[in-house]
Amino acid sequence: MPTLGNPTGTIEVLKKYNFNFQKRFGQNFLIDSNILEKIVSAAEVTKEDCVLEIGPGIGTMTQYLAESAREVIAVEIDKSLIPILEDTLSPYDNVTVINEDILKVDIRKLVEEKNQGRPIKVVANLPYYITTPIIMGLFESHVPLKSITIMIQKEVADRMQVGPGTKDYGALSLAVQYYAKPEVVAYVSPECFIPKPNVGSAVIRLDRYEKPPVQVENEEFMFKIIRAAFNQRRKTLANGLGNASDLPITRAQATEALEELGFGASVRGEALTLEEFAKLSNYLLTIL
Ligand code: SAM
């Protein structure tokens with residue numbers, strides 16, 4: 001069995017199985033051992049940990065995870081990769097491969113079965129086309145989680161960690177920062193993958209908060225307000241909230257709340273911090 005995590009070993013395995021890359025599955029396999037080591041070390045995987053890997057590909061990072069973790073669950077959508085994974089992961093008895101779409105897996109149930117409901121770590125080189133649904137799915141379904149350490153598109157990683165006053169700040173920044181503390185661990189060039197993606201990449205670690213950093217009466221309501229604020233980015237927040245079809249708020253009520261909280265009637269959503277959105281959402285609930 002060739003060593004994976006380098007171009008020669010990866011090409012050898014791909015040739016042996018006559019594997020054809022599927023663009024629609026976001027298949028860009030890692031071929032740089034330095035980056036692989038960096039991801040696993042940033043995730044601080046230990047022999048206590050149960051790790052969920054999303055999209056193992058040919059099993060390159062899975063091998064690193066199997067060496068460091070107690071148990072690895074790897075969910076791969078592409079059935080043509082399953083025989084390859086059986087081969088590359090044959091030396092390990094602590095890996096379970098599941099041939100499924102991660103967006104259809106009941107991860108809470110899986111964590112209950114495999115880790116008795118104790119928090120897991122997620123480590124992955126994600127398929128970029130479904131980054132946001134994967135992350136928001138993990139957070140919103142309240143899967144027991146310690147951290148998520150993932151390779152994603154560089155621009156998306158930047159959006160996750162910025163605050164007000166930058167063009168990248170938006171609903172994704174606020175959603176991620178409500179659930180976790182983000183930290184970019186490394187920027188990664190397209191040269192580190194086969195085939196090369198046409199975007200830059202970054203490894204980001206999201207440390208799940210046990211308790212959210214702000215006090216919110218109704219999470220769902222706050223996220224509706226946040227989405228409305230950034231859906232109409234160029235409008236004032238009062239207009240954005242007044243126009244939102246899924247919120248029972250009039251422009252006059254929004255203006256009253258913004259003035260009462262000292263933000264000013266003409267403030268834009270992009271100027272508010274997470275804490276300020278929490279205050280606004282809590283206040284609006286009292287006047288509706
Ligand atoms: N982990 C491998 C590596 O680092 O070389 C492969 C990473 S590649 C960027 C993404 C992987 O996710 C591919 O193997 C792809 O088939 C798989 N994938 C794509 N969509 C998926 C989905 N909805 N559920 C599970 N796996 C998926």
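Residue numbers start at 1 and run along the sequence shown. Keep in mind the model is a prediction, meaning the values are calculated, not measured.
Note that CD1 of I120 is 12.0 Å distant from CZ of R118, once rounded to the nearest 0.5 Å. Interatomic distance, CG of L145 versus CD of E210, reported as 12.0 Å (0.5 Å rounding). Separation of atoms OH (Y64) and CG (L30) is listed at 9.5 Å; rounding is to 0.5 Å. A distance of 11.0 Å separates CD1 of I39 from CG of N34, quoted to the nearest 0.5 Å. If you take OG1 on T62 and CD on E67, they are separated by 11.5 Å, rounding to the nearest 0.5 Å. Separating the CD atom in Q161 from the CD atom in E183 is a distance of 8.0 Å, to the nearest 0.5 Å.
Side-chain atoms of D87 and Y17 include a donor-acceptor pair closer than 3.5 Å. For S201 and Y128, the side-chain atoms include at least one donor-acceptor pair closer than 3.5 Å. Of the N and O atoms on the side chains of T166 and D168, not one donor lies less than 3.5 Å from an acceptor on the other residue. Checked by atom type, the side-chain pair N94/R70 shows no donor-acceptor distance below 3.5 Å. Checking D78 against Q27 by side-chain atom types alone, a donor-acceptor pair falls below 3.5 Å. Judged by distance alone, the side chains of Y179 and D207 never bring a donor and an acceptor atom under 3.5 Å apart.
Of all non-hydrogen atoms in F139 and A180, the two that sit nearest each other are CZ-CB, 3.7 Å. Scanning all heavy atoms of the two residues, the minimum distance from P248 to L288 falls at O-CD2, 3.6 Å. When all heavy atoms of L280 and L261 are compared, the closest pair comes out as CA-CD1, 3.6 Å. Looking at every heavy atom in both residues, A257 comes nearest to L284 through CB-CD2, 3.8 Å. Here the closest heavy-atom approach between residue A202 and residue V184 is recorded as CB-CG1, 4.4 Å. A pairwise comparison of heavy atoms in L4 and G9 identifies CD2-O, 4.2 Å as the closest pair.
Counting non-hydrogen atoms of other residues, nucleotides and ligands closer than 6.0 Å to NZ of K146 gives a total above 12. Enclosure of atom CD in E275 is not indicated, since only 12 or fewer non-hydrogen atoms of other residues, nucleotides or ligands lie within 6.0 angstrom.
Counting only heavy atoms from C-beta outward, the side chains of N28 and K196 never approach each other to under 4.5 Å. In this structure, I148 and R208 have side chains that are not in contact, with every pair of non-hydrogen atoms separated by 4.5 Å or more. Between L81 and P56 the shortest side-chain heavy-atom distance does not fall below 4.5 Å. Taking the side chain as every heavy atom from C-beta outward, I77 and E100 never approach each other to under 4.5 Å. A 4.5 Å side-chain heavy-atom check between V75 and L52 finds at least one atom pair inside the cut-off. Looking at Y283 and E256, their side chains come closer than 4.5 Å, going by heavy atoms from C-beta outward. Looking only at side-chain heavy atoms (C-beta outward), T96 and V72 stay at 4.5 Å or farther from each other. Using a 4.5 Å cut-off on side-chain heavy atoms (C-beta onward), I135 and I150 make contact.
In terms of hydrophobic clustering, with Ile, Leu, Val, Met, Phe, Trp and Tyr side chains grouped at heavy-atom distances under 4.5 Å, V188 and I54 are assigned to different clusters. I130 is connected to V176 through a chain of hydrophobic side-chain contacts under 4.5 Å among Ile, Leu, Val, Met, Phe, Trp and Tyr, so both are in one cluster. Follow the hydrophobic side-chain contacts under 4.5 Å out from V95 and you never reach I98; the two are in separate clusters. Neither I73 nor V97 shares a network with the other; the hydrophobic side chains, linked directly or stepwise wherever heavy atoms of I, L, V, M, F, W or Y lie under 4.5 Å apart, form separate groups for each. Both I82 and L65 sit in one connected hydrophobic cluster of ILVMFWY residues. Membership requires side-chain heavy atoms under 4.5 Å apart, directly or through other members.
A salt bridge does not link E44 to K121: none of the charged nitrogens lies less than 4.0 Å from a carboxylate oxygen. A salt bridge does not link K47 with D49: every distance from a Lys NZ or Arg NE/NH1/NH2 to an Asp or Glu carboxylate oxygen is 4.0 Å or more.
Cation-pi geometry between K181 and Y209 is not met: the NZ or CZ atom fails to fall both under 6.0 Å from the ring centre and inside 45° of the normal.
Remark: the backbone N or O of V185 is not paired with any side-chain donor or acceptor of R205 at under 3.5 angstrom. Within the 3.5 Å criterion, the main-chain N or O of T250 finds a donor-acceptor partner in the side chain of Q253. Here the side chain of E76 pairs a donor or acceptor atom with the backbone of G57 at under 3.5 angstrom. Proximity of a side-chain donor or acceptor of S173 to a complementary backbone N or O of Y169 within less than 3.5 Å is not detected. A donor-acceptor pair is defined here as one N or O able to donate and one able to accept, closer than 3.5 Å; such a pair exists between the side chain of E276 and the backbone of T273. Side-chain atoms of N6 never come within 3.5 Å of backbone atoms of I31 as a donor-acceptor pair (strictly under, hydrogens ignored). With R108 contributing its side chain and S141 its backbone, the two residues share a donor-acceptor pair below 3.5 Å. Remark: the backbone N or O of V123 is not paired with any side-chain donor or acceptor of T149 at under 3.5 angstrom. Using a distance-only test at 3.5 Å, with no hydrogens or angles considered, no donor-acceptor pair links the side chain of E270 to the main chain of G170. For the pair Q63 (side chain) and T88 (backbone), a donor-acceptor distance under 3.5 Å is present.
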Determine all donor-acceptor pairs shorter than 3.5 Å in which one atom belongs to a side chain in residues 219-228; sequence neighbours excluded.
{"from": "E219", "atom 1": "OE2", "to": "Y178", "atom 2": "OH", "distance (Å)": "3.0"}

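With ring centers used as reference points, F29 lies under 6.0 Å from F21.
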Kindly indicate, with the supporting measurements, whether the criterion side chain to side chain contact (heavy atoms under 4.5 Å, CB included) is fulfilled by V51 and V122. CA-CA 6 Å; V51 173; V122 174; over 6 Å; no
Applying side chain to side chain contact (heavy atoms under 4.5 Å, CB included), run through M151 and V203 and close with a yes or a no. CA-CA 4 Å; M151 177 88 74; V203 179; 3.9 Å; yes
Taking it one step at a time, do Y129 and F25 satisfy ring pair (Phe, Tyr, Trp, His ring centres under 6.0 Å)? CA-CA 8 Å; Y129 73 106; F25 288 148; 7.3 Å; no
Passes side chain to side chain contact (heavy atoms under 4.5 Å, CB included), V199 versus K154? Steps please. CA-CA 7 Å; V199 291; K154 178 189 173 297; over 6 Å; no
Step by step, work out the side chain to side chain contact (heavy atoms under 4.5 Å, CB included) result for V13 and F19. CA-CA 8 Å; V13 170; F19 177 75; over 6 Å; no
